[in-house]
Asker: 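Just passing along the structure, written as structure tokens.
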Amino acid sequence: MTKILIDCDPGHDDAVAILYAARHLDLVGISTVYGNQSVEKTTRNALSLVTLLGLDTPVARGCEAPLTRVLAHGGDLHGKTGMDGAEMPAPRQDIVDAHAVDFIIEMASRNRGELVLCPVGPMTNVALALKKEPRLAGWLRAISLMGGATQIGNTTPVAEFNIWCDPEAADIVFRAGVPMWMVGLNVTRQVGVTDADIDRLMAAGPVARAFGGLFNFFISRLREVHNLNSASLHDPCALVPFIVPELIGYEECPVEIALDSGLTRGMTVCDFRRLTSKSLQNIRAKAPANCHVATSVEGRKLVEHILNAIVSWEDGSMPSTTV
Ligand code: RIB
Ligand code: CA
């Protein structure tokens, strides 16, 4: 079973990613970072979530601010707690006695060649880990992230929130030479929970009802702020290549991060041009074609598969990984 470490900022959709990974993969660790809320709140949310799910997955607390730019939370899209909409249990476990940066390095060292690192928040922890331990890039099997977009952004017209929070960190990660899978808004916005899906969750067991409450809050905020009519399951999409790979299509291409301070700051510039080998050097992308970028998805099938993982959590039945 694929070993996964999720670096996250819970966050409604981060919470779904944790359940989805625990249901279908070997979730060896969780590290937290600022983003949807302060790192204090995202860490408490991660601890409450593992308690709700009855997991003993180690949780390491991470960075509270970006590498360089000024800290900017996701506002209150996820509410004052970062996971408004459900009464979450008091955490039954504490964080591990290591900073997330050191925890990521340690878990990759223990699982050399096997560990897939899944950043689904700002990539500050991951960038610092790659800088602190140069061998980390060679120890990781892959990095599969939720972030960026091939078309429109959310935090700005062209930048997606996780990249926008810390473009310098994203640039370090994309240049590290680790095999990369990137799923951006162009795909994740097609993977949305509807009101009818929420009704299904509210009619199921306590864990499903908790997620129904979370989605109820999240869908109302997305309607208000982004005029959307479903609760996008952004973060669990980063796990799909290792659970149901047939549901998301990827194309390999160079990806560069715009680091300027202007309109395009935080943009993921994906070069889908198919230049010939004779193309002029000066028109080629500066980054290696080391990234699989998500370009298509069977959105409804994926929503169903994720909902099945939530609804079946109670009875412990193991939903199939076929769809
Ligand atoms: O832009 C979507 C991303 O920002 C998701 O990871 C969500 O949790 C927020 O962190
Ligand atoms: Ca997130």
Side-chain angles (χ1 to χ4, degrees), residues 6-17 20 33 35-36 66 72-78 118-123 126 143-167 169-171 173-174 180-194 197 215 218-241 247-259 263-272 287 291-303 306:
I6 295 182
D7 186 71
C8 55
D9 60 334
H12 293 70
D13 52 324
D14 305 70
V16 179
Y20 198 45
V33 68
N36 287 322
H73 291 157
D76 59 357
L77 192 66
H78 294 259
C118 280
V120 293
M123 290 192 271
V126 179
I143 290 176
S144 185
L145 69 108
M146 189 281 140
T150 60
Q151 290 129 10
I152 62 169
N154 51 10
T155 309
T156 80
V158 294
E160 177 278 330
F161 178 73
N162 290 340
I163 309 294
W164 176 84
C165 278
D166 198 343
D171 187 52
V173 176
F174 274 85
M180 300 274 292
W181 274 259
M182 170 190 132
V183 61
L185 294 173
N186 50 298
V187 158
T188 63
R189 278 202 159 143
Q190 300 177 59
V191 188
V193 167
T194 64
D197 295 325
F215 288 142
F218 196 30
I219 202 170
S220 64
R221 294 294 292 135
L222 288 168
R223 277 194 177 109
E224 222 173 304
V225 175
H226 289 285
N227 194 25
L228 294 172
N229 209 23
S230 65
S232 308
L233 293 175
H234 301 293
D235 293 344
C237 290
L239 302 162
V240 168
L247 293 190
I248 291 184
Y250 285 84
E251 287 181 48
E252 272 195 277
C253 75
V255 177
E256 290 187 83
I257 310 298
L259 300 178
L263 270 180
T264 56
R265 180 166 170 78
M267 181 179 184
T268 46
V269 181
C270 303
D271 185 359
F272 290 111
C291 190
H292 302 78
V293 175
T295 52
S296 63
V297 61
E298 295 200 55
R300 195 59 220 160
K301 273 191 178 178
L302 182 50
V303 171
I306 294 170

Asker: With M182 as reference, evaluate V187, V173, V293, I143 under the side-chain contact (heavy atoms from CB on, under 4.5 Å) test and give the passing residue.
Answerer: V293

Asker: Looking only at heavy atoms, what is the nearest atom pair of R300 and T194, with distance?
Answerer: NH1-CG2, 4.2 Å

Asker: Which distance, rounded to the nearest 0.5 Å, do you find between the OG1 of T155 and the CD of E160?
Answerer: 6.5 Å

Asker: Walk me through it: do I219 and L228 pass the test side chain to side chain contact (heavy atoms under 4.5 Å, CB included)?
Answerer: CA-CA 8 Å; I219 202 170; L228 294 172; over 6 Å; no

Asker: Find the distance between CH2 (W181) and CD1 (I248) and round it off to the nearest 0.5 Å.
Answerer: 13.0 Å

Asker: Would a distance-only check, ignoring hydrogens and angles, find a side-chain to backbone donor-acceptor pair under 3.5 Å from S144 to A238?
Answerer: yes

Asker: When you measure from the side chain of H234 to the backbone N and O of T188, does any donor-acceptor pair fall under 3.5 Å?
Answerer: no

Asker: Of all the heavy-atom pairs spanning Y250 and P241, show the shortest one and how long it is.
Answerer: OH-CG, 3.2 Å

Asker: Would you check if the side chain of D13 reaches a backbone N or O of S232 as a donor-acceptor pair within less than 3.5 Å?
Answerer: no

Asker: Rounded to the nearest 0.5 Å, how far apart are CD of E251 and SG of C291?
Answerer: 11.5 Å

Asker: Quick one: does F215's side chain get under 4.5 Å of V16's, heavy atoms only?
Answerer: yes

Asker: Say whether, by atom type as modelled, one donor and one acceptor occur between the side chain of D7 and the main chain of P119 under 3.5 angstrom.
Answerer: no

Asker: Report yes if the side chains of F174 and L145 come closer than 4.5 Å at any heavy-atom pair, otherwise no.
Answerer: yes

Asker: For a 4.5 angstrom cut-off between non-hydrogen side-chain atoms, does L233 reach V193?
Answerer: yes

Asker: Would you confirm whether H292, through its side chain, and M180, through its main-chain N or O, come within 3.5 Å as a donor-acceptor pair?
Answerer: yes

Asker: Side-chain contact, heavy-atom cut-off 4.5 Å: R189 with H226?
Answerer: yes

Asker: For A149, does its backbone N or O pair with a side-chain atom of T268 as donor and acceptor, under 3.5 Å?
Answerer: yes

Asker: Find the distance between CD (Q190) and SG (C237) and round it off to the nearest 0.5 Å.
Answerer: 9.5 Å

Asker: Taking all non-hydrogen atoms of both residues, which atom of C165 and which atom of P167 are closest, and how far apart?
Answerer: C-CD, 3.8 Å

Asker: Between N162 and A170, is there a donor-acceptor pair closer than 3.5 Å when you use the side chain of the first and the backbone of the second?
Answerer: no

Asker: Say you draw a straight line from CG of L239 to CE of M146; how long is it, rounded to the nearest 0.5 Å?
Answerer: 12.0 Å

Asker: Measuring from M267:CE to I163:CD1, what's the distance to the nearest 0.5 Å?
Answerer: 12.5 Å

Asker: Any donor-acceptor pair under 3.5 Å linking the side chain of N186 with the backbone of T150?
Answerer: yes

Asker: Please check if atom CG in L263 has more than 12 non-hydrogen atoms from other residues, nucleotides or ligands closer than 6.0 Å.
Answerer: no

Asker: So, D14 side chain and D9 main chain: donor-acceptor pair closer than 3.5 Å or not?
Answerer: yes

Asker: To check you understand the geometry: which heavy-atom pair defines the closest contact between S230 and G192, and what is its length?
Answerer: OG-CA, 3.5 Å

Asker: Keeping the roles fixed (side chain from T156, backbone from A159), state whether a donor-acceptor pair exists under 3.5 Å.
Answerer: yes

Asker: Do you know which two heavy atoms are closest between I152 and L185, and how far apart they sit?
Answerer: O-CD1, 3.9 Å

Asker: What is the minimum heavy-atom distance between F218 and A231, and which atoms define it?
Answerer: CD2-CB, 4.0 Å

